[in-house]
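Notes follow once the structure below has been shown.
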Amino acid sequence: MAPFWSRERLQALIQQGLGDLPLLVVSNREPWIHRHSNGGISAERPASGLVSALEPFAEASGGTWIAHGSGDADRCSVDACDGVAVPPGQPRYRLRRVWLSEAEQEGYYTHLANRALWPLCHVAFVPPHFEEAHWRMYRQVNARFADAVLQEAAGEAALVFLQDYHLALVPRLLRQANPKLLLVQFWHVPWPNRELLRTFPQADALIHGLLGNDLIGFQIPAHARNFLDAADRLVEARVDPDDDQVHQNGHRTHVGAYPISIDFQQWSTVAASDAVTAAMQSWQEQIGVHDPALLGVGMERLDYTKGLTQRLLAVERLLERHPEWHGRFCFVQLLATSRTEIAEYRQLRQELEQITARVNDRWADGGWCPLQLRVEQRELEERLALQRLGRFCVVSSLHDGMNLVAKEFVAARCDGDGVLILSRFAGCALELGGALQVHPYCVEQIAEAMARALSLDPADRRLRMAQMRRQVADHNVFRWGASILADSLRLRDQMQLHPASLQG
Ligand code: G6P
């Protein structure tokens, strides 16, 4: 049965709902990156859940996506207004690039966004680094993004859809400069509790910035509640506990939970393709695994929030406990490098390499290598093939807003088989009841779940997978988009009908 929400249906809603209202999507990461390669220029699409989720919006509206131009050939690919029509070859919308100097990129992105806000929001016990100079750079760059939006909107009304923790100060600047804008922001990462948030010296400015929005979306209700609590206690604002709104100086901001997702049908269809079947064969040869029923996999960005250390230690524990699987069981961890300019990320890689070397020193034998750490970029078909091949996939984030890898694994299992071992601290744990849920700090529990996944009854595996496939098929990314858009448009209509009632 076709899902209720499809790309076409969402796109029809966008076109009909927006009418003449222009749409401006704003994010740090750009949806297309131009790079010099082999004497020419190639356009790459970053493997990002954020980009996949927002692209239907940009395409259907024919609007503009404003983002940091980070590719080495980005500057020679734009017109005089820093814009380029994308996707290349079949243009559907305009990408407007914001240029950042090296110092801006370092202060705003590397430090404030990724060494302060990222660990702060994820509660992963990596201390956030707060420095006044980085905060100044964050403010400066947020003002640059706001200027780009204001230029694009040219004083008129538009729906501005802002993304994530890089741009918390943009909405306030926009509201002050152009009150006709309808401002909506989606916060992709968790929002921490008030006690933790207070450790950030500029917590009040962050909240104040975000309260410039008409609507702020979080992944799960707990993060939305944390935000409401912070707004209530850390800034001068009134929170209406009955209708999830924050009132401040005559403006009100609606706060809600909108669990993001994936294009289930597309992933499922690609996973069932011949290319993926061929890639499965090729993986089997590369890994040297004879029996895929004894294969576990993991794949994500190399990031300390993902619980990778505990996961590899769990493989070690499993092998200590189960000598019967020596010579047969294998765990493959695929990692995409990420934020390598940050020391914690480089240290994590070293730590994972050390654990892998130790495990393989203890048990590798002949052609058998029980733990394989592969830090390499792979094509979509190859990633899906590895997910299809494994008996189980581990997603053991220490804390995660949603985690789309878990949903991708479920979509990839078009064979209806496979076991998901899932951290109870990933946002998607609320939806994926068919997973074997684990405490991600408890190595013992992860090892036990791996053992259980290897010996789970096939009927039980299928039942669990069927529940998860139904959930993700039904709650796909188009439903996410439709729900946040419908609420935004409802707000616009209320504002047009009863502007006075919006006084706080
Ligand atoms: C997370 C964030 C996104 C970010 C992505 C990749 O999912 O929520 O905003 O784009 O990680 O990180 P990067 O720093 O490479 O953009």
Side-chain angles (χ1 to χ4, degrees), residues 49 122 124 283 287 289 292-322 325 328-336 338 348-349 351-353 355-356 359-360 369-375 378 383-400 402-413 417-429 431-456 460-461 464-465 468 472:
H122 281 89
W283 271 120
I287 301 167
V289 63
L294 287 170
L295 172 68
V297 303
M299 64 181 67
E300 52 256 291
R301 276 189 315 109
L302 203 168
D303 194 297
Y304 55 77
T305 61
K306 304 294 178 188
L308 296 161
T309 306
Q310 290 83 349
R311 189 183 309 174
L312 299 196
L313 290 175
V315 172
E316 185 173 40
R317 190 66 50 87
L318 182 77
L319 291 165
E320 282 168 354
R321 294 277 164 81
H322 293 278
W325 288 328
R328 297 159 63 214
F329 170 73
C330 174
F331 188 80
V332 177
Q333 176 64 52
L334 192 62
L335 289 170
S338 169
L348 174 63
R349 180 171 179 173
E351 192 186 346
L352 299 177
E353 283 168 351
I355 301 174
T356 305
V359 169
N360 288 331
C369 182
L371 183 51
Q372 302 190 21
L373 187 68
R374 293 168 170 264
V375 184
R378 291 289 188 144
R383 287 185 275 126
L384 288 172
L386 191 58
Q387 287 179 323
R388 270 201 62 189
L389 198 59
R391 165 54 50 89
F392 66 81
C393 174
V394 187
V395 171
S396 53
S397 308
L398 303 179
H399 197 189
D400 223 326
M402 178 52 52
N403 196 294
L404 294 181
V405 171
K407 293 189 174 180
E408 287 161 9
F409 171 68
V410 167
R413 295 312 298 239
D417 203 347
V419 181
L420 175 63
I421 297 177
L422 180 61
S423 162
R424 61 161 79 155
F425 301 144
C428 63
E431 292 179 70
L432 303 179
L436 299 183
Q437 294 204 358
V438 291
H439 193 298
Y441 288 91
C442 184
V443 169
E444 205 66 39
Q445 260 192 34
I446 306 171
E448 275 312 305
M450 288 176 173
R452 193 166 163 219
L454 291 175
S455 47
L456 205 64
D460 196 358
R461 291 202 304 262
R464 289 167 173 276
M465 186 50 78
M468 296 193 285
V472 184

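These figures come from a predicted structure and were not determined experimentally.
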Only one of V375, L371, T309 passes side chain to side chain contact (heavy atoms under 4.5 Å, CB included) with L352, and that residue is T309

Taking the side chain as every heavy atom from C-beta outward, state whether F392 and F409 have any pair of such atoms under 4.5 Å apart. no

Return the set of residues passing side chain to side chain donor-acceptor pair (under 3.5 Å) with S397 (not counting sequence neighbours), or none when no residue passes. D400, N403

Under 4.5 Å between any side-chain heavy atoms of V297 and L334, yes or no? no

Nearest-0.5 Å distance that lies between atom CG in L313 and atom SG in C442: 12.0 Å

R383 versus R378, closest heavy-atom pair with distance: NE-O, 3.2 Å

Would you confirm whether Q372, through its side chain, and I287, through its main-chain N or O, come within 3.5 Å as a donor-acceptor pair? yes

For R413, the salt bridge (charged side-chain N to carboxylate O under 4.0 Å, His left out) test, sequence neighbours excluded, returns D415

Rounded distance [0.5 Å steps], CZ in R461 versus CG in L420: 14.0 Å

Hits for side chain to side chain contact (heavy atoms under 4.5 Å, CB included) against E320, two or more places apart or cross-chain, chain-then-number order -> E316, R317, R362, W363

Do L422 and C428 touch side chain to side chain, with heavy atoms closer than 4.5 Å? yes

Residues two or more places apart in sequence or in another chain: which of them pass side chain to side chain donor-acceptor pair (under 3.5 Å) with N360? none

For the residue pair R374 and L335, establish whether any side-chain heavy-atom pair is separated by less than 4.5 Å. no

Any side chain to side chain donor-acceptor pair (under 3.5 Å) pairs touching residues 385-396, not counting sequence neighbours? R311-S396

Check ring pair (Phe, Tyr, Trp, His ring centres under 6.0 Å) between W325 and all other residues, then give those that pass, not counting sequence neighbours. H322

Pairing residues for D460 by the side chain to side chain contact (heavy atoms under 4.5 Å, CB included) criterion, not counting sequence neighbours: L456, D457, R464

D303 CG to L348 CG distance, which is reported to the nearest 0.5 Å: 8.0 Å

Please find the pair of heavy atoms, one from Y304 and one from A124, that lie closest to each other, and give the distance. CD1-CB, 4.3 Å

Test your reading of the model: is there a side-chain donor-acceptor pair from Q445 to the backbone of H439, 3.5 Å cut-off? yes

Quick one: pull up CG in L386 and CE in M299 and give me the separation to the nearest 0.5 Å. 4.0 Å

Between H122 and F425, is there a side-chain heavy-atom distance shorter than 4.5 Å? no

If you look only at distance, which donor and acceptor atoms sit under 3.5 Å apart when one is on a side chain in residues 447-455 and the other is two or more places apart or in another chain?
unit_1, atom_1, unit_2, atom_2, d
S455, OG, A451, O, 2.9

So CG of L398 and CG of L308: to nearest 0.5 Å the spacing works out to 8.5 Å

Partner set under salt bridge (charged side-chain N to carboxylate O under 4.0 Å, His left out) for R328, not counting sequence neighbours: none

Looking at Q437 and A429, would you say the former's side chain and the latter's main chain have a donor-acceptor pair under 3.5 Å? yes

Looking only at non-hydrogen atoms, find the nearest pair between A406 and L432 and report the distance. CB-CD1, 4.1 Å

Side chains of L312 and V359, heavy atoms from C-beta outward: is any pair under 4.5 Å? no

What are the two closest non-hydrogen atoms of M465 and G418, and how far apart are they? CE-O, 3.3 Å

Return the set of residues passing ring pair (Phe, Tyr, Trp, His ring centres under 6.0 Å) with F329 (not counting sequence neighbours), or none when no residue passes. none

Quick one: list whatever passes salt bridge (charged side-chain N to carboxylate O under 4.0 Å, His left out) with E431, sequence neighbours left out. K407

Side-chain contact test, heavy atoms from C-beta onward, threshold under 4.5 Å: evaluate it for V315 versus T356 and give yes or no. no

Holding to salt bridge (charged side-chain N to carboxylate O under 4.0 Å, His left out), I want the full list of residues that pass it with R424, two or more places apart in sequence or in another chain. none

